[in-house]
Every structure is written in C-alpha cells, then in structure tokens.
Amino acid sequence: RGGRVYDYEVRATVDGAASPALVRRVISPTFHLSRKRDGGTVSCVFAQAELPPKCAFAVYPRTSFGTSGKPVVSASFKA
C-alpha cells in the first residue's frame with residue numbers, strides 16, 4: 001500500500017526550454033483527514049492567456065521535505 005500524496009507541483013513546460021514557463025503548487029485542502037474522509041480530486045487552474053502558445057503539463061508529487069517524485073506528463077497542446 002502506498003501513501004497518499006498531499007502536495008503537488010504543476011508545471012507548464014515548453015519543449016526545449018531549460019525551465020518551466022509557469023509553476024503552481026497545490027496542497028490538498030483535506031490533507032489532515034483520514035483516507036475515508038479525503039475529498040478526492042483537487043484542481044489547479046491556469047488562465048489561457050498566461051500559457052505559452054504550445055505547452056505541456058507535468059505534475060510532480062512532492063514530499064513534506066520538498067523533494068519531487070516522478071512526474072505525470074501530458075502531451076503537448078496549443079493553448
């Protein structure tokens with residue numbers, strides 16, 4: 001059984017760029033509740049106007065100590 005992730009970093013990335021175009025940190029509002037009472041889905045919103053013309057999203061789970069895990073990455077798309 002794995003643990004639950006409460007802290008995520010969402011990055012809007014551009015192919016070939018050294019650093020992400022935008023970064024958001026997301027913390028579950030129900031992190032303090034038991035697994036049974038966990039709220040489930042958490043949203044992260046980016047305004048279309050702030051996204052680069054072509055980008056992808058990478059979602060990294062993070063530990064309480066600030067280290068990142070393996071990301072889930074979307075396909076590139078036009079914003």
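When reading the values below, keep in mind they use all heavy atoms of this one structure, side chains included, and skip hydrogens, waters and symmetry mates. Just so we're clear, the structure is a prediction, and the values are computed from it rather than from any experiment.
Below 30°, between 30° and 60°, or above 60°: for Phe31 and Tyr6 the angle between ring planes is above 60°, a perpendicular geometry.
A 4.5 Å side-chain heavy-atom check between Leu33 and Asp38 finds every atom pair outside the cut-off. Within the 4.5 Å cutoff, the side chain of Phe77 has heavy atoms near those of the Cys55 side chain. Side-chain contact check for Val59 versus Glu9: every heavy-atom pair is 4.5 Å or farther apart. Two residues are said to be in side-chain contact when any heavy atoms from C-beta on lie closer than 4.5 Å; Val14 and Pro52 meet this criterion. You'll find the side chain of Phe57 stays beyond 4.5 Å of the side chain of Val73, heavy atoms only. Taking the side chain as every heavy atom from C-beta outward, Val42 and Pro29 approach each other to under 4.5 Å.
The two atoms that bring Pro61 and Lys70 nearest to each other are CD-O, 3.4 Å, heavy atoms only. What you find for Glu50 and Leu22 is that their closest heavy atoms are O-CD1, 3.3 Å.
In this structure, the side chain of Ser68 does not engage the main chain of Arg62 through any donor-acceptor pair within 3.5 Å. Counting only distance, with no hydrogens or angles, the side chain of Thr13 and the backbone of Ala56 share a donor-acceptor pair below 3.5 Å.
A salt bridge is absent between Lys54 and Asp15; no separation between the charged side-chain nitrogens and carboxylate oxygens falls under 4.0 Å.
Ser19 OG to Arg11 CZ: the interatomic distance, rounded to the nearest 0.5 Å, is 10.0 Å.
The hydrophobic cluster containing Phe46 also contains Val26, counting ILVMFWY residues as joined when their side-chain heavy atoms lie under 4.5 angstrom apart, directly or transitively.
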